Amino acid sequence: MSRHRHRAHPPLRRRLGGILATVALAAGGLVTLGGTSAGAAAAPAADGPNLVRNPGFESGLSSWSCTGGSGTTVASPAHSGSAALRAAPTGSDTATCAQSVSVRPNSSYTLSAWVRGSYVYLGTAGTGTTDVSTWTPSADDWQLLTTGFTTGANTASVTVFTHGWYGQPAYFADDITLTGPAGGDPGDPGGQVPDAPGGLAAGAVTASSVALSWHDVPGATGYTVYRDGAKALSTTGTSATVTGLAAATSYRFQVTASNAAGESAASTAVTGTTAGGGGGTPGVPKHAVTGYWQNFDNGATVQKIADIPAAYDIIAVAFADATTTPGAVDFTLDPALKYSEAAFKADIAAKQAAGKSVVISVGGERGTVGVNDATSANNFADSVYALMRKYGFNGVDIDLENGLNPTYMAQALRALSAKAGDKLVITMAPQTIDMQSTSSGYFRTALDIKDILTVVNTQFYNSGSMNGCDGKVYSQGSVDFLTALACVQLEGGLDPSQVGLGVPASPRGAGSGYVAPSVVNAALDCLTQGTNCGSFKPSRTYPGLRGAMTWSTNWDAASGNAWSGAVGPHVHGLP
């Protein structure tokens with residue numbers, strides 16, 4: 001949020017210092033080692049069927065496991081059939097997607113795949129001889145990669161994998177084949193690693209448990225349930241209840257099947273949210289409108305809190321200021337507003353009596369608050385709580401546009417929550433680039449505090465073009481930009497009640513990216529009901545979506561409150 005206008009941010013770019021190609025299987029997973037591609041030329045292989053399960057990703061990610069939740073399936077582009085793999089690397093993860101395949105000792109195999117993207121790798125690990133991989137530095141269209149290997153004397157299974165490279169765009173893979181002699185005894189289903197379970201679904205929930213069920217896998221003798229990547233329980237049946245969970249919290253579950261030959265790849269993940277609010281905050285409406293009130297005069301209408309229309313459910317007072325104490329903030333009314341402290345406090349109390357929440361926003365374009373260690377985290381919590389007690393604020397808004405430390409910001413907000421109680425309102429307003437990946441500081445902070453987080457209102461403006469959750473690039477100022485980018489957060493682990501659409505109230509409210517209120521309403525309909533979408537339509541709807549945010553109530557007033565007059569009733573009328 002800017003005291004004047006937001007800066008546009010150029011796309012992030014990373015220079016590759018070299019290419020690493022040979023990949024081996026270590027105890028912690030696939031590890032990339034320095035070297036050159038081994039076995040780039042295909043070795044002779046015996047005839048045989050394709051041994052890769054779900055090779056075209058027509059069954060989602062069944063039989064495949066992708067590091068860090070980096071993989072998904074898309075309908076387009078696909079080399080053949082109705083789906084392909086899309087996997088998105090980050091600055092710390094190459095987006096490796098792999099599966100274990102049963103093979104025979106002392107046998108030759110050929111591995112191939114069709115790929116698209118930059119620095120896409122295909123290979124095998126655990127061959128018992130020389131592990132191989134091949135790669136392409138750039139494939140604007142589908143390109144065939146092929147390599148081959150021979151198994152060792154005691155090799156019964158190998159790992160087939162694809163991956164991209166650190167900081168590079170998402171890559172695509174399809175029609176992955178491994179041909180050669182099939183492993184195990186075809187007449188003995190226990191002689192081959194079973195397929196990954198399909199049909200995983202979350203059922204009944206309580207404040208501390210989530211019930212799960214999945215389809216039976218032929219040849220499986222047991223199943224293992226994973227919660228957020230960690231083993232939760234084992235069972236021999238096709239259903240289980242995971243207990244000991246926190247209330248109002250979303251968890252990511254996967255299931256594997258196993259038998260004497262080994263454990264399958266993980267199933268497609270599902271999210272289950274325990275009872276107790278689904279990330280909501282007592283006193284905040286199910287569907288809410290957030291507006292920023294400017295404690296300065298930059299040409300927009302100068303307002304008092306009492307002047308803000310009733311359409312706004314959460315009012316963020318912008319901004320608190322950094323002090324000389326690391327992490328601490330303070331707030332003083334701008335004298336230019338001619339607004340007394342007593343009147344300010346009374347207006348806040350009147351809004352709260354009308355069912356509204358008023359929070360103090362920390363940051364803005366010029367905000368330089370640093371919370372980078374335990375001491376500054378405590379200073380932040382103490383100072384924000386002091387402002388809450390002094391002015392009556394309901395909570396805090398995090399709008400730091402100059403970076404934040406997810407470890408210590410989460411620590412600070414939890415310390416504040418311990419002081420303020422369960423009615424604390426915590427909102428965030430990250431820039432679009434800050435919510436493109438779950439590894440970013442803002443996204444990590446949001447996920448780390450999702451049990452106490454109210455809403456993340458991402459600023460979908462001053463952004464240029466960005467990737468949507470389908471891997472396509474969308475330009476700001478459109479319904480597709482709002483829906484496809486909000487989908488990244490909705491599918492990245494946040495509860496729908498914790499996602500809001502942040503937009504300017506008028507063309508003067510931001511440097512670029514303004515959309516008419518009708519476009520905002522269309523995006524809300526698309527995400528919650530699947531109607532009024534543009535070219536992008538999400539694979540599912542999110543009826544619990546929190547709502548929308550605008551910068552600012554002052555710019556809204558300068559345009560006759562046209563934004564809140566149109567978007568406010570629409571948000572409050574959502575199902």
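Worth saying up front: this structure is predicted, and the values here are computed from it rather than measured.
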### Message
I'd like to know whether T224 forms a side chain to side chain contact (heavy atoms under 4.5 Å, CB included) with Y226, so could you lay out the CA-CA distance, the side-chain angles of the two residues, the decisive distance to 0.1 Å, and finally the verdict.
### Response
CA-CA 7 Å; T224 301; Y226 290 85; 3.5 Å; yes
### Query
Between C533 and T483, does a side chain to side chain contact (heavy atoms under 4.5 Å, CB included) hold up when you go through it step by step?
CA-CA 8 Å; C533 299; T483 54; 5.8 Å; no
### Message
Would T301 and D307 count as a side chain to side chain contact (heavy atoms under 4.5 Å, CB included) here? Give the steps.
### Response
CA-CA 10 Å; T301 300; D307 300 329; over 6 Å; no
### Message
Test salt bridge (charged side-chain N to carboxylate O under 4.0 Å, His left out) on D382 and K419; report intermediate values, then the result.
### Response
CA-CA 9 Å; D382 290 343; K419 296 173 182 291; 2.9 Å; yes
### Query
Checking side-chain hydrogen bond (donor to acceptor under 3.5 Å, both in side chains) for the pair D399/Y292: CA distance, chi angles, key distance, verdict?
CA-CA 11 Å; D399 183 21; Y292 283 78; 5.1 Å; no
### Query
Do L200 and T268 pass the side chain to side chain contact (heavy atoms under 4.5 Å, CB included) test, and can you show the C-alpha distance, the side-chain angles, and the key distance before you say yes or no?
CA-CA 7 Å; L200 178 62; T268 300; over 6 Å; no
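Without hydrogens or angle criteria, S357 side chain to I314 main chain gives no donor-acceptor distance under 3.5 Å. Between the side chain of T427 and the main chain of V455, no donor-acceptor pair closer than 3.5 Å is present. Listed for the D313 side chain is a donor-acceptor partner under 3.5 Å among the backbone atoms of V289. Using a distance-only test at 3.5 Å, with no hydrogens or angles considered, a donor-acceptor pair links the side chain of Y171 to the main chain of A95. Q254 contributes a side-chain N or O that, together with a main-chain N or O of S267, makes up a donor-acceptor pair within less than 3.5 Å. Side-chain atoms of Y391 do not come within 3.5 Å of backbone N or O of I360 as any donor-acceptor pair. Side-chain atoms of H215 do not come within 3.5 Å of backbone N or O of P197 as any donor-acceptor pair. At distances below 3.5 Å, not a single donor-acceptor pair connects side-chain atoms of H163 with backbone N or O atoms of P89. When atom types are taken as modelled, the side chain of S463 and the backbone of Y461 share a donor-acceptor pair closer than 3.5 angstrom. Checking side-chain atoms of N295 against main-chain N and O of A318 turns up no donor-acceptor pair under 3.5 Å.
Using the six-membered ring where Trp is involved, F460 and F481 have ring planes that are perpendicular, over 60° apart on the 30 and 60° scheme.
When only modelled atom types and interatomic distance are considered, D556 and Y312 share a side-chain donor-acceptor pair under 3.5 Å. Side-chain N/O atoms of T67 and D93 include a donor and acceptor closer than 3.5 Å. With hydrogens and angles left out, the side-chain atoms of S209 and T243 include no donor and acceptor closer than 3.5 Å. Looking at S376 and D373, their side chains do bring a donor and an acceptor atom within 3.5 Å of each other. When only modelled atom types and interatomic distance are considered, Q352 and N394 share a side-chain donor-acceptor pair under 3.5 Å. Of the N and O atoms on the side chains of D495 and S497, at least one donor lies less than 3.5 Å from an acceptor on the other residue. In this model, a donor atom of one side chain and an acceptor atom of the other lie less than 3.5 Å apart for S535 and D480.
Two residues are said to be in side-chain contact when any heavy atoms from C-beta on lie closer than 4.5 Å; S512 and Q476 meet this criterion. Proximity of V359 to T454: side-chain heavy atoms (C-beta onward) are nowhere separated by under 4.5 Å. Two residues are said to be in side-chain contact when any heavy atoms from C-beta on lie closer than 4.5 Å; I452 and L424 fail this criterion. Contact check for M428 versus I449: side-chain heavy atoms found under the 4.5 Å cut-off. Side-chain contact check for V317 versus F319: every heavy-atom pair is 4.5 Å or farther apart. Considering only heavy atoms from C-beta on, L482 stays 4.5 Å or farther from L527 through its side chain. Contact check for D434 versus Q459: no side-chain heavy atoms found under the 4.5 Å cut-off. Residues Y166 and T94 have side chains in contact (heavy-atom distance under 4.5 Å, counting atoms from C-beta outward).
Between Y474 atom OH and N467 atom CG the span is 10.0 Å, to the nearest 0.5 Å. Here the straight-line distance linking atom CD1 of I305 with atom CD1 of I315 works out to 5.5 Å at 0.5 Å rounding. K472 NZ to F536 CZ: the interatomic distance, rounded to the nearest 0.5 Å, is 9.5 Å. We find the CD-OG distance between Q294 and S361 to be 11.5 Å, quoted to the nearest 0.5 Å. With values rounded to the nearest 0.5 angstrom, L485 atom CG is found 6.5 Å from T432 atom OG1. Between Y251 atom OH and L212 atom CG the span is 13.0 Å, to the nearest 0.5 Å.
The environment of K345 atom NZ is dense: over 12 non-hydrogen atoms of other residues, nucleotides or ligands sit within 6.0 angstrom.
Checked for salt-bridge contact, R414 and D451 meet the test: a charged N lies under 4.0 Å from a carboxylate O.
Here the shortest heavy-atom pairing between Y542 and E491 reads OH-OE2, 2.6 Å. Among all heavy-atom pairs drawn from L524 and G547, the shortest one is CD2-O, 3.8 Å. Of all the heavy atoms in L574 and Q529, the pair that sits closest is CD2-NE2, 4.1 Å. Summarising the geometry of R540 relative to L490, their closest heavy-atom pair is NH2-O, 4.2 Å, with the distance given to 0.1 Å. Considering all non-hydrogen atoms of both residues, T550 and P504 come closest at OG1-C, 3.3 Å.
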